[in-house]
Amino acid sequence: MNNIFVYCEIEDGKVADVSLELLTKGRVLADTLGCELEALAIGSKLDGIEKELAQYGADTIHIADAECLSPYRTLPHAAIICGIFKEEQPQIALFGASPVGRDLGPRVSSALHSGLTADCTSLEIGPHTDNKSGKVYENLLYQIRPAFGGNIIATIINPDCRPQMATVREGVMKKEVAKTPGKGVVKKVDHKKYTSDADFVVRIIEREMEERKINIKGAPVIIAGGYGMGCKENFALLHELAEVLGGEVGASRAAVDAGMADHARQIGQTGVTVRPKLYIACGISGQIQHTAGMDGSSMIISINTDPEAPINKIADYAIMGDVMEVVPKMIKYYKQN
Ligand code: FAD
């Protein structure tokens with residue numbers, strides 16, 4: 001009772017990365033609060049899934065496994081989650097801010113009258129004192145996200161409604177196997193207990209998945225170009241370097257807005273969040289809205305003509321120079337070695 005629940009989304013038969021990221025964070029929150037971490041997975045052919053979820057820290061794993069529960073449909077999934085939450089009374093419930101999580105989270109929170117903070121970039125536990133009543137709350141979920149067009153970072157709390165609910169952006173939290181695995185107790189869920197025929201009235205006749213042609217999220221190396229690249233044609237150099245290093249090309253918003261790169265490559269607050277092993281920022285100044293999406297990279301190299309560029313403050317190595325001179329030298333060097 002009063003545990004932390006993570007909705008574990010199933011993508012092509014596998015647990016989605018964002019759900020494993022949330023379990024990793026959920027484990028830390030549960031240890032801080034002294035409660036347990038529970039995972040909830042809904043789908044079909046979920047045999048063996050519990051092992052992975054326990055490795056990421058889940059103490060209890062609720063599994064609703066039936067042919068009719070895959071592919072994802074809003075009504076039955078929401079009905080199962082609401083039913084389980086009513087019984088288990090979680091204090092915190094987390095969803096990925098993926099298309100599925102963005103569909104489910106608000107529906108569940110509305111049905112439970114609990115409220116939800118969408119698109120969080122961080123979650124912490126902290127106290128709060130109500131100014132009017134003087135009531136003290138020891139451990140609330142701080143739901144942290146950019147607000148007012150990204151100009152401030154807001155911390156949102158929900159003192160009185162339970163569960164405290166949030167969707168969390170993909171990639172902002174680390175995905176790490178727990179040092180001590182969770183207890184991994186499996187609770188099989190009979191979906192019929194919570195759903196009715198009406199929940200299945202929407203039938204999926206055809207499912208067309210647009211393949212993500214550009215997928216920078218999981219790339220181990222990212223060569224990112226900014227406005228300093230000058231023009232779209234110069235991005236060809238970045239693609240060449242990325243190919244040599246086995247990586248992908250990313251971009252700043254200024255570069256995307258100037259038509260130098262596709263929006264799917266945009267990194268930052270309004271783009272994707274990445275954590276590659278190596279991030280090479282080429283002609284990028286390093287404004288906070290950009291660094292918010294890449295400062296978790298293991299190693300950052302910046303190439304910039306301006307020694308005062310803010311990106312240099314977070315870079316492990318800063319190369320002062322013109323991208324059009326430095327990048328070709330790097331390509332030549334890595335091709336030879
Ligand atoms: P600039 O700031 O113009 O920097 C260009 C850099 O290139 C400079 O440092 C310059 O010294 C260097 N340079 C120029 N020529 C060369 C050369 N030949 N060789 C080497 N270096 C050179 N930005 C994002 O990136 N991602 C986001 O998701 C994002 N979201 C935003 C959301 C909001 C609400 C707002 C208000 C802004 C957002 N921005 C975002 C924009 C952000 O504030 C910056 O404007 C943007 O990141 C700047 O991009 P840049 O560094 O490529 O361009």
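Remember, it's 1-based here, ligands and their atoms both numbered in the order they're listed. Residue numbers start at 1 and run along the sequence shown.
- Annotation: Gln287 places no N or O atom under 3.5 Å from an N or O atom of ligand 1; distance criterion only.
- With a heavy-atom cut-off of 4.0 Å, His290 touches ligand 1 through backbone and side chain alike.
- Those atoms of ligand 1 with a heavy atom of Asp306 less than 4.0 angstrom away are 11 (O).
- Between Ile153 and Pro146, some side-chain heavy-atom pair lies under the 4.5 Å cut-off.
- Inclusion of Ala255 in the set of residues having an N or O under 3.5 Å from an N or O of ligand 1 is not warranted.
- In this structure, Gln55 places its CD atom where more than 12 heavy-atom neighbours from other residues, nucleotides or ligands lie under 6.0 Å away.
- A donor-acceptor pair under 3.5 Å links the side-chain atoms of Gln164 to the main chain of Leu141, judged by distance alone.
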Q | Tyr279 vs Ile301, side-chain contact (heavy atoms from CB on, under 4.5 Å): CA-CA, chis, key distance, verdict | A | CA-CA 6 Å; Tyr279 190 93; Ile301 299 176; over 6 Å; no

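- Using a distance-only test at 3.5 Å, with no hydrogens or angles considered, a donor-acceptor pair links the side chain of Glu21 to the main chain of Gly171.
- Residue-ligand proximity, Gly226 to ligand 1, at heavy-atom distances under 4.0 Å covers atoms 52 (O).
- Counting heavy atoms closer than 4.0 Å to ligand 1, residue Ile288 contributes nothing at all.
- Within the structure, the closest approach of Met324 to ligand 1 does not fall below 4.0 Å when heavy atoms are considered.
- In this structure, Gly230 falls outside the shell of residues with a heavy atom less than 4.0 angstrom from ligand 1.
- Residue-environment remark: CG (Asp190) exceeds the threshold of 12 foreign heavy atoms within 6.0 Å.
- An N or O contact shorter than 3.5 Å links Val323 to ligand 1 by distance.
- If you number the atoms of ligand 1 from 1 as listed, the ones under 4.0 Å from a heavy atom of Asp322 come out as 17 (C), 18 (N), 19 (N).
- The contact set between ligand 1 and Gly321, taken as ligand atoms under 4.0 Å from a residue heavy atom, comprises 19 (N), 20 (C).
- Close approach to Gly271 involves these atoms of ligand 1, each under 4.0 Å from a residue heavy atom: 28 (O).
- Closest to atom 42 (C) of ligand 1, if we only count protein heavy atoms, is Gln289 OE1, 3.7 Å.
- Under the 3.5 Å distance criterion, the side-chain polar atoms of Asp59 are left unmatched by any main-chain donor or acceptor of Glu36.
- For atom 22 (C) of ligand 1, the closest heavy atom belonging to the protein is Thr305 OG1, 3.4 Å.
- Given atom 5 (C) of ligand 1, the protein heavy atom at minimum distance is Gly283 O, 3.5 Å.
- Under a 3.5 Å cut-off, the side chain of Ser297 and the backbone N or O of Ile300 do not form any donor-acceptor pair.
- For the ligand labelled ligand 1, residue Gly293 lies outside the 4.0 Å heavy-atom shell.
- Here the closest heavy-atom approach between residue Glu88 and residue Lys187 is recorded as OE2-NZ, 3.7 Å.
- Judged purely by atom type and a 3.5 angstrom limit, Gln91 uses its side chain to pair as donor or acceptor with the backbone of Asn2.
- Using modelled atom types, no side-chain atom of Arg275 and backbone atom of Met294 make a donor-acceptor pair closer than 3.5 Å.
- For atom 14 (C) of ligand 1, the closest non-hydrogen atom of the protein is Gly228 CA, 3.4 Å.
- Which of Arg253, Met229, Met320 comes nearest to atom 32 (C) of ligand 1 through a heavy atom is settled by distance: it is Arg253.
- Leu23 and Met173 fall within a single hydrophobic cluster, where Ile, Leu, Val, Met, Phe, Trp and Tyr are joined by side-chain heavy atoms under 4.5 Å apart, directly or via other members.
- The main-chain N or O of Thr270 is never found under 3.5 Å from a side-chain atom of Arg253 such that the two would form a donor-acceptor pair.
- Of the protein's non-hydrogen atoms, the one nearest atom 52 (O) of ligand 1 is Ser252 OG, 2.5 Å.
- Ranked by closest heavy atom to atom 51 (O) of ligand 1, the top entry among Ser285, Ser302, Gly268 is Ser285.
- Scanning the protein for heavy atoms near atom 49 (O) of ligand 1, the closest one is Ala254 CB, 3.2 Å.
- Given atom 53 (O) of ligand 1, the protein heavy atom at minimum distance is Tyr227 CB, 3.4 Å.
- Shown in contact with Ile267 at under 4.0 Å from a heavy atom are these atoms of ligand 1, numbered in order with element: 24 (C), 25 (O), 26 (N), 27 (C), 28 (O).
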(Q) Glu87 vs Tyr194, test: side chain to side chain donor-acceptor pair (under 3.5 Å). Steps then yes/no. (A) CA-CA 11 Å; Glu87 288 170 7; Tyr194 307 108; 3.0 Å; yes

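- No side-chain donor-acceptor contact under 3.5 Å links Ser122 to the backbone of Ile144.
- Looking from atom 12 (C) of ligand 1 to the surrounding protein, the closest heavy atom is Asn304 OD1, 3.3 Å.
- Within the listing of ligand 1, atoms 27 (C), 28 (O), 29 (C), 30 (N), 31 (C), 32 (C) sit less than 4.0 angstrom from a heavy atom of Thr270.
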